[in-house]
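Worksheet: one structure, shown below.
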Amino acid sequence: MVVIDRYIFCTFNICLMGGLASITKGQPLEVAHGSQVTLRHTHGKTCWLHSHSEVYPVRYPDKRGSSHQQQVTCYTFKDLNNWWIIRRPDVKNLVVSNPPDAIKHGDVIHFVHGITGRPLNSHDVSAPMSPHNQEVSCYIDYNISMPPLTLWKVDIVNRDQEGDIWHTIQSQVRLIHLNSSQALKFSGRQLPDWGFHQLEVVTDKTIVQDDTVWNVEEHRYTKIEDEKEREKDLMNAEMIPMKTTKLSFWTKFSELQYKMMFPSQDSLQNHMYSSEPLEWPLMTRGIAYWVSPYHNGQVHLLGNIVIWYSGTLSLLIYSSLLIFYLLRRTRLCFDITEAQWIHFLRVGHLLFSGYLLHFIPYFFVERTLFLHHYLPAFVFKVLLTAAIVEHIYSLLRYRKFLKKLYLLLLILWICSIILVFKKFSVLCYGMTELSAEDVIKLRWSESWDFIIHKE
């Protein structure tokens, strides 16, 4: 497997280097016989159809057997192994003709992996993580009774708008495996160590679903017939921008003001690290900003889980106490002094209301959202946590044993905050070399999508 190097960039880096337009500028529009393409999963998580020389294990832990063919995955980074060559089954050479032989809706093609030269294949074998689906692989001829099943039919989903010819970017396609009549699908399940923690690709009998839709993102025409020279050309080509776009100060300034005033509609698209407001209080997802090209050291936006969960709990405690006090006061039962009640209400007016005003509007925003959008509300939540800690302490002021026990719990709570910060600080600064095992140990939640690559 190719180590993450200069060809692999985090999506944030690509955005800073000029966005998708800087990658796709000057690309051929029509996908044809001999096209070299990267195939991106269209809806949901951002990843690209990928293969590498490693094969599926002969047997999985549950004793199921595999085809032992070359692995095919969906990879969340730019990589040379994301490149594929499209060819017609009855044409031997891969060079694009003049004029190009365009691929149309309903055409049957081979999908050849650019680096290994093996065709995309699927057999009647259960997928590794989704046994109810069929495995996808690149065919290796082991000289056994397992013939290649490498024919795929192109189904252009939006041909009413884009036409019958397969176009770069615009055309959304499904690849239907001809032998099984199943569609190539992104399952979303993560493979274990042998699959380098990449994402599973399968075929599914249910053809019409979002996870079976793909589109060509990067595209170039094959011009070299010799296989070794073609591979050399593929590896030497700078397929993503390698130089920083140079802009003057005033150009940057004016562009920044324009972007803030008129948000781009591109932000409506899904992003691999996007999240929904309901996921923020429990910190379901973080954001990857940077990964070292030499090891698994990285910078990942992830809050201190003790503070995060304590803040969420304090929101529930405050709202519960507010309802409790209001119900009791309607019955003329005053559990706290008037001064404490006024202070409690002021906390709610300022901090609880501030939290809601900075959180609730995001439920009505029609654009891609990230965890950092929650940070203004998070500040109010942290301040509310301190107010709740103080309020509970005031309630226990005249109960010596409970007061001492409460103080002990507070000390343990603060110590746990410090320990968690120390443990996860390696993801804050990105200065510590990490192995794949180290990163896995930091993944306390399955939904935390850390970056792991082979060293």
Side-chain angles (χ1 to χ4, degrees), residues 4-29 38 40 42 45-48 75-80 82 168-170 215-220 236-277 280 285-294 297-303 357-359 361-362 364-379 425 427-431 449-451 453:
I4 291 183
D5 55 16
R6 69 190 186 101
Y7 291 102
I8 303 173
F9 283 80
C10 180
T11 305
F12 286 101
N13 290 348
I14 293 174
C15 292
L16 292 173
M17 304 287 273
L20 184 61
S22 64
I23 300 173
T24 60
K25 184 179 180 180
Q27 291 188 155
L29 177 63
T38 61
R40 172 174 165 160
T42 302
K45 192 174 183 68
T46 302
C47 63
W48 292 265
Y75 195 33
T76 55
F77 295 96
K78 296 290 185 179
D79 191 293
L80 284 174
N82 296 351
T168 308
I169 305 292
Q170 292 101 330
N215 67 280
V216 168
E217 182 173 274
E218 296 160 89
H219 181 205
R220 60 196 298 243
N236 289 333
E238 291 187 355
M239 298 166 191
I240 55 180
M242 306 306 299
K243 296 181 179 179
T244 305
T245 303
K246 294 183 178 180
L247 300 174
S248 67
F249 170 78
W250 290 111
T251 304
K252 294 177 182 177
F253 180 80
S254 59
E255 182 180 1
L256 178 61
Q257 304 308 311
Y258 178 83
K259 292 293 185 183
M260 289 192 294
M261 294 294 293
F262 306 101
S264 172
Q265 291 302 307
D266 292 341
S267 62
L268 294 174
Q269 299 177 357
N270 286 319
H271 189 281
M272 62 183 293
Y273 286 107
S274 64
S275 54
E276 298 296 328
W280 298 341
R285 305 207 66 201
I287 308 173
Y289 285 110
W290 173 83
V291 61
S292 169
Y294 310 109
Q298 57 195 273
V299 176
H300 198 98
L301 175 61
L302 200 70
L357 288 173
H358 285 81
F359 179 57
Y362 284 110
F364 307 98
V365 174
E366 294 184 356
R367 58 164 292 173
T368 302
L369 297 173
F370 299 91
L371 182 63
H372 61 252
H373 289 111
Y374 184 63
L375 294 182
F378 176 73
V379 171
S425 62
L427 299 179
C428 297
Y429 306 108
M431 300 175 65
D449 201 0
F450 294 156
I451 300 169
H453 65 80

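Only heavy atoms go into these numbers, but all of them, side chains included; no hydrogens, no water, no symmetry mates.
- A donor-acceptor contact closer than 3.5 angstrom is absent between the side chains of T38 and N82.
- Between atom CZ of residue F77 and atom CH2 of residue W48 there is a gap of 9.0 Å, rounded to the nearest 0.5 Å.
- We find the CE-OG distance between M431 and S292 to be 12.0 Å, quoted to the nearest 0.5 Å.
- One finds the OH atom of Y429 at 16.0 Å from the CD atom of Q298 (value rounded to the nearest 0.5 Å).
- Between the side chain of T168 and the main chain of L29, a donor-acceptor pair closer than 3.5 Å is present.
- Here the closest heavy-atom approach between residue L371 and residue G286 is recorded as CD2-CA, 4.1 Å.
- Annotation: side chain of H300 is not in contact with side chain of I287 (no heavy-atom distance under 4.5 Å).
- The aromatic rings of F253 and W250 sit perpendicular to each other, their planes meeting at more than 60°, with 30° as the lower class boundary.
- The two residues G297 and W290 have their closest heavy-atom pair at O-CZ3, 3.7 Å.
- Ring-plane geometry between Y362 and H373 is classed as tilted, the angle between the planes lying from 30 to 60 degrees on a 0 to 90 degree scale.
- Shown here are the side chain to side chain donor-acceptor pair (under 3.5 Å) partners of T251, two or more places apart in sequence or in another chain: S248.
- When all heavy atoms of Q27 and E218 are compared, the closest pair comes out as OE1-CA, 3.0 Å.
- A 4.5 Å side-chain heavy-atom check between R40 and T46 finds at least one atom pair inside the cut-off.
- Between L302 and F450 the shortest side-chain heavy-atom distance falls below 4.5 Å.
- For the atom pair NE2 (H358) and OH (Y374), the distance works out to 12.5 Å, reported to the nearest 0.5 Å.
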